[in-house]
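Read through the structure below, which is laid out as structure tokens, and then see the notes.
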Amino acid sequence: MNRFIPGETVDQVVPIVRDLAAKGLEITLDVVGEDITTVEQSHAARDAYLELIEQLKELGLGERAEMSVKLSMFGQALEGGHELALANVRPVVEAAAAIGTTVTLDAEDHTTLDSMFAIHEELRKDFPQTGCVIQAYLFRTEEDARRLAANGSRVRIVKGAYKEPAEVAYQVKAEIDQAYVRILKTLMDGEGYPMIGSHDPRLIAITQELARRAGRKLDEYEFQMLYGIRSEEHVRLAAEGHRMRVYTAYGTDWYGYFMRRLAEKPANLLFFVRSMITKN
């Protein structure tokens with residue numbers, strides 16, 4: 001499992017961050033553990049990110065590594081969860097800004113998104129570099145993308161991995177891919193900073209063409225891929241001058257994290273197995 005989850009503690013993951021940075025890569029770090037049930041656990045999640053930021057500060061890696069957070073881990077699903085999650089994530093965003101980096105709010109299932117976008121908007125008042133994630137398979141996302149592109153947000157676009165009903169999301173791969181390209185064009189033509197979360201070679205090529213048409217320089221967007229997946233492609237894109245960020249999850253809840261990925265999308269099992277066989 002350490003092929004995809006490189007450690008359980010900050011001390012274990014820091015050498016990975018240093019190694020990736022030495023290869024010209026950037027990193028986003030996710031402390032896994034969305035399934036919390038108490039306020040105390042939400043505070044522990046906040047403190048885990050603050051510890052991570054302190055380590056990055058001491059190593060001078062703040063400008064190479066940002067954080068990705070799931071607001072469910074910060075208490076979003078608990079009673080009074082919107083206010084609790086905002087209160088927990090704000091000091092993390094403040095501490096990240098103090099060392100020259102930022103935070104991206106991960107998207108979760110569709111019922112949580114109004115709260116996530118509201119927190120994102122609130123944080124951007126003081127920390128405009130705060131990012132968020134949108135999921136191409138949701139019907140609502142094209143409208144969300146237009147709004148975010150217009151207000152200059154940092155936006156990671158992914159296809160989406162949660163199991164969503166047909167009432168709110170595309171169910172056919174071809175339709176999801178088509179929506180992804182439409183949304184990506186909106187982001188490229190907008191005022192924000194697109195972050196392309198995909199391992200799909202075709203979408204990577206389309207991204208490069210849309211960026212060229214939009215007149216974007218190589219540092220005006222970035223690619224993002226999971227740690228342990230297509231690692232040679234990470235290095236290749238960085239060598240070509242692209243900004244390439246590696247999504248790196250760690251923590252003691254690695255088993256839960258992995259099983260949730262499979263539960264959300266069973267096809268992920270084939271994806272992970274194929275990656276382990278090809279090792280690229």
Side-chain angles (χ1 to χ4, degrees), residues 4-5 20 25-30 32 34 64-71 101-110 112-113 116-117 120 129-138 140-142 144-145 148-149 153-162 164 169-170 173 176-188 190 192-211 216 218-238 242-249 257-258 260-261 264-265 267-268 271-272 275:
F4 308 110
I5 310 292
L20 292 172
L25 302 169
E26 300 181 58
I27 306 97
T28 186
L29 290 155
D30 173 14
V32 297
E34 301 100 298
R64 302 305 297 273
E66 63 152 43
M67 270 62 65
S68 289
V69 304
K70 290 179 173 59
L71 293 176
T101 190
T102 189
V103 169
T104 295
L105 307 182
D106 275 334
E108 300 182 70
D109 76 82
H110 76 278
T112 69
L113 296 184
M116 186 273 282
F117 285 129
H120 175 246
Q129 69 274 31
T130 306
C132 69
V133 176
I134 57 176
Q135 302 168 102
Y137 69 168
L138 295 175
R140 65 172 289 169
T141 300
E142 291 190 56
D144 290 329
L148 292 163
S153 293
R154 294 173 65 257
V155 182
R156 180 194 304 145
I157 175 175
V158 299
K159 290 184 180 181
Y162 291 81
E164 297 284 13
Y170 297 108
K173 180 182 183 301
I176 297 170
D177 288 352
Q178 290 164 9
Y180 192 107
V181 173
R182 292 194 301 271
I183 295 162
L184 180 55
K185 186 177 187 303
T186 296
L187 296 178
M188 284 293 183
Y193 180 77
M195 302 180 285
I196 297 81
S198 178
H199 303 89
D200 187 331
R202 188 173 61 89
L203 288 178
I204 291 169
I206 290 172
T207 295
Q208 292 170 318
E209 176 60 19
L210 290 176
R216 285 185 178 262
L218 292 182
D219 62 353
E220 293 177 337
Y221 64 99
E222 69 183 46
F223 293 104
Q224 296 192 1
M225 298 184 189
L226 295 172
Y227 177 83
I229 306 292
R230 302 194 72 206
S231 299
E232 292 180 0
E233 182 71 356
H234 305 176
V235 176
R236 183 189 73 81
L237 287 168
H242 290 286
R243 297 190 70 182
M244 175 64 228
R245 192 177 301 275
V246 182
Y247 190 105
T248 306
Y257 170 87
F258 184 66
R260 277 190 294 275
R261 300 296 80 77
E264 290 158 3
K265 190 174 182 181
N268 283 343
F271 185 67
F272 281 112
S275 175

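Quick note: residue numbers are just sequence positions, from 1.
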Measure across Thr101 and Ala65 and return the closest heavy-atom pair with its distance rounded to 0.1 Å.
OG1-O, 2.7 Å
Which of Gln224, His120, Glu66 passes side chain to side chain donor-acceptor pair (under 3.5 Å) with Thr104? Answer is Glu66
Find the distance between CZ (Arg182) and NZ (Lys185) and round it off to the nearest 0.5 Å.
12.5 Å
Counting C-beta onward and ignoring hydrogens, is there a side-chain heavy-atom pair between Val133 and Val155 closer than 4.5 Å?
no
Got a donor-acceptor contact below 3.5 angstrom from the Thr102 side chain to the Gln129 backbone?
yes
Could you check if a side-chain atom of Leu138 sits within less than 4.5 angstrom of a side-chain atom of Asp144, using non-hydrogen atoms only?
no
Find the distance between CD (Glu142) and CD1 (Ile134) and round it off to the nearest 0.5 Å.
9.5 Å
Could you check whether any side-chain N or O of Glu164 sits under 3.5 Å from a backbone N or O of His110, counting only pairs where one atom can act as donor and the other as acceptor?
yes
Once you round to the nearest 0.5 Å, how far does CZ of Arg245 lie from CZ of Phe223?
13.5 Å
Kindly compute the distance separating OG1 (Thr186) from CG (Leu148), expressed to the nearest 0.5 Å.
11.0 Å
Spell out, as yes or no, whether a donor-acceptor pair under 3.5 Å connects the side chain of His199 to the backbone of Leu226.
yes
Provide the closest heavy-atom pair for Tyr137 versus Tyr162 in the form atom of the first, atom of the second, distance.
OH-O, 2.7 Å
Gln135 and Ala161: which non-hydrogen atoms are nearest, and at how many Å?
OE1-N, 4.4 Å
Hey, what do you get for CD (Glu26) to NE2 (His242), rounding to the nearest 0.5 Å?
13.5 Å
Shortest non-hydrogen separation from Met244 to Leu237 and the atoms involved
SD-CD1, 4.0 Å
Is there a side-chain contact between Asp30 and Lys70 in this structure, where contact means two heavy atoms from C-beta onward sitting under 4.5 Å apart?
yes
Sub-4.5 Å side-chain heavy-atom contact between Glu233 and Pro201
no
Tell me if a side-chain donor or acceptor on Tyr170 pairs with a main-chain N or O of Asp177 at a distance below 3.5 Å.
no
Measure across Leu25 and His234 and return the closest heavy-atom pair with its distance rounded to 0.1 Å.
CD2-O, 3.4 Å
Between Cys132 and Met116, which heavy-atom pair has the shortest distance, and what is it?
CB-SD, 3.9 Å
So does Ile196 get a backbone contact from the side chain of Ser198, meaning a donor-acceptor N/O pair under 3.5 Å?
no
How about Leu210 and Arg216: do any of their side-chain heavy atoms sit closer than 4.5 Å?
no
Checking Tyr221 side chain against Gln208 main chain: does a donor-acceptor pair fall under 3.5 Å?
no
Does some side-chain heavy atom of Met195 sit less than 4.5 Å from a side-chain heavy atom of Thr28?
no
Contact check, side chains of Leu187 and Ile157, non-hydrogen atoms, under 4.5 Å
yes
Can you tell me how far apart CG (Leu71) and OG1 (Thr112) are? Round to the nearest 0.5 Å.
8.0 Å
